[in-house]
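The next block holds one structure in the form of structure tokens; read it before the comments.
Sequential numbering from 1 along the given sequence is applied to the chain's residues. Remember, it's 1-based here, ligands and their atoms both numbered in the order they're listed.
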Amino acid sequence: MIFLKGDKIMCGIVGYIGRRDCSDVLMDGLEKLEYRGYDSAGIAVFENGEIKTVKTRGKLKAMTEKLARDGKPQGFCGIGHTRWATHGEPSDVNSHPHSNGRVTIVHNGIIENYAQLKEFLTEKGYEFKSQTDSEVVACLLDYYYAERNPLRAIMETVRELHGSFALGILFKDFPERVYAVRKGSPLIVGVGDNEYFIASDIPAFLKYTKKYIILDDDEILCMDTNGIEFFDVHGITIKKEIQTAEWDVEQAQKCGYPHYMLKEIHEQPTVVRKTLDMLVKDGVPVFDEIGLTDKMLRGVSRVFVVACGTAMHAGIIARYAIEKLARVPVTVEVASEFRYMEPIVGENDLVIVVSQSGETADTKAGLELAKSRGAKTLAIVNVKYSAIAREADMCIHTPAGPEIAVASTKAYSVQVAALYLIAFRFAFARGIILEDELKRLTEQLYRSPEAIENVLKNKDECQFIASQLVNVETLFFIGRGFDYALSLEASLKLKEITYIHSEAYAAGELKHGTISLIEDNVPVITVATQQNVLPKTISNMEEVKARGAKIIAICRKGTEFAEDTVDLRLDIDADMDDILVPLPTVCALQLIAYYTSVLRGIDPDKPRNLAKSVTTE
Ligand code: M6R
């Protein structure tokens, strides 16, 4: 299997220096980063002044077995890696760490000019063992290590690299010391009590310390038993601020749930309420603190929402809500399109970028483009220390806590909750609704945690629907308006974790072609919560029913259908305005996807071919 440049990639990096058993710390950290997706793993540890490397294709279980068989490296300083193959198949030799004797590295990202560098290094006499782009970095570091000055070697090397990288580096001549550098791929430094960590994400060291420092692009870290030092690309020492993670260890664990995804689905009432509490003051949403004032909202002539995947689907809900309530045109753009389409966007526009990870390469590029055109930019981001959170003019940090499962659930719900509040404030700022209505809408939204809880209480019904889907080959989701936005998200969720082919259609669009795919017993899950279009949606249900479809209706409690239209129904028990019902409804759709995945024997937390966030194009 060959993975090409441009595939999803999100390897995991860990590194440690301290007094604990380094192999254990590295393996533990790698386990916490498993959610990122990987196909091989490895560690390198200083053992009596020598670097001992153990690596293998396969999951961490294979690593644990290999360590038990070959002997665990004994030491206090080292680096580790989970690899998501891009250049070269998953194999022992392609696994990280890579070494050429004097320099050992782990790498997350893609070196775009690796072929040219490889040619250059081959001419200089270097030989390559693997097919990876990463090994080139190890050799280039060695090439620039002529003066045996690690910092200089790193500075010279990063100047030559095109693409994205986070690197953990060991120099054989400097035992008990770890170097790191990054550009475009995340790397966090954990600051403990006389011990230090590097990791692609905080959960990898959360058990040891909550204190962390963000390594920024083009910054170099050196950590050893004496402490940590940071340098810029010219070798000048820089000062960095220590921050404290708000997450605790429990939040980053399964806490008795069989999967992170189920745990995260169940966290939704709490995190949605937290989001509302964070953004609502005296019964109304207020965004002045982040700079999103009524004056600014009044001056906005168009809104763009730029995002990918599930975050983009949250944007589609926002589009319906903002246009309906505030009467401002909203365009939702897939970030990978937006960045290259030469969008007509300027200073009177508000560009909202939505991202759980805050590291998604296309979304980040969309943000940079919008900024360069003078647009006002607002990020809605779950990971506080992320690049997007730091680059946007204004930022709402959603308080969902760590989302570990690859399939996004609670992050979507908090994004939607925040976007509703923006829609309400927008409408108020523009004089379309008065304060009474602003308060009423906000109070209505405060009902959503309870409505989500009602869905969770009835999860058996979602499980039953899942049991009806477990063996199907294809299915459709249809809906209108907000229900169409939900259908898109439900279809993505189901595809991601069940591998069942599904499509989402605006209910009225099916008859313009796709209806030809409907035949006996093809399930059509109809999201039908919006009363203003309900008669139309029912007509669309009947059209497909007449062609043999099996109709599963997701509707509000009390909705009436003509006899025989619906084969199965799931009622959403929510005492709130229709436009806000997507919050409890999405929970039911997430549960259906989750249970279908489990019934099909798939691990919903780690679906094939997917990574938690996508830091390359
Ligand atoms: O971290 P982001 O929210 O920017 O990620 C965007 C998408 O990659 C992400 O939502 C993806 O679609 C999820 N796997 C969906 O469950």
* Structure fact -> With sequence neighbours left out, the residues meeting salt bridge (charged side-chain N to carboxylate O under 4.0 Å, His left out) with Lys364 are Glu368, Glu391

* Please determine if Arg302 and Asp349 form a salt bridge, counting it only when a charged side-chain N lies under 4.0 Å from a carboxylate O. => yes

* What atoms in ligand 1 come closer than 4.0 Å to a heavy atom of Gln356? -> 1 (O), 2 (P), 3 (O), 4 (O)

* To do: Measure the acute angle between the ring planes of Phe482 and Tyr320, then classify it against the limits of 30° and 60° as parallel, tilted or perpendicular.
  => tilted

* Asked: Against heavy atoms of Ala311, which atoms of ligand 1 measure under 4.0 Å?
  -> 3 (O), 10 (O)

* Structure fact -> The option among Thr360, Thr310, Val353 carrying the non-hydrogen atom nearest to atom 4 (O) of ligand 1 is Thr360

* Given that the side chain starts at C-beta and the backbone is N, CA, C, O, which of these parts of Glu496 lies under 4.0 Å from ligand 1, counting heavy atoms, or is it both or neither? -> side chain

* To do: Give a yes or no on whether a salt bridge exists between Arg57 and Glu89, defined as a side-chain N under 4.0 angstrom from a carboxylate O.
  => no

* Report yes or no: does Lys493 have a heavy atom closer than 4.0 Å to ligand 1? => yes

* To do: Measure the CG-CG distance between Leu221 and Leu215 for me, rounded to the nearest 0.5 Å.
  => 6.0 Å

* Counting from 1, what ligand 1 atoms have a heavy atom of Ala407 closer than 4.0 Å? -> 16 (O)

* Who gets closest to atom 6 (C) of ligand 1 by heavy atom: Cys308, Ala307, Gly309? -> Cys308

* Residue-ligand contact Val406/ligand 1, heavy atom below 4.0 Å -> yes

* **Min N/O separation Val354 to ligand 1 under 3.5 Å** => no

* Asked: Centre of Tyr38's six-membered ring, under 6.0 Å away, within 45 degrees of the axis: is that where NZ or CZ of Lys59 sits?
  -> yes

* Does Ser408, backbone or side chain, put an N or O under 3.5 Å from an N or O of ligand 1? -> yes

* Asked: Can a salt bridge be assigned to the pair Lys183 and Asp217 using a cut-off of 4.0 Å between side-chain N and carboxylate O?
  -> no

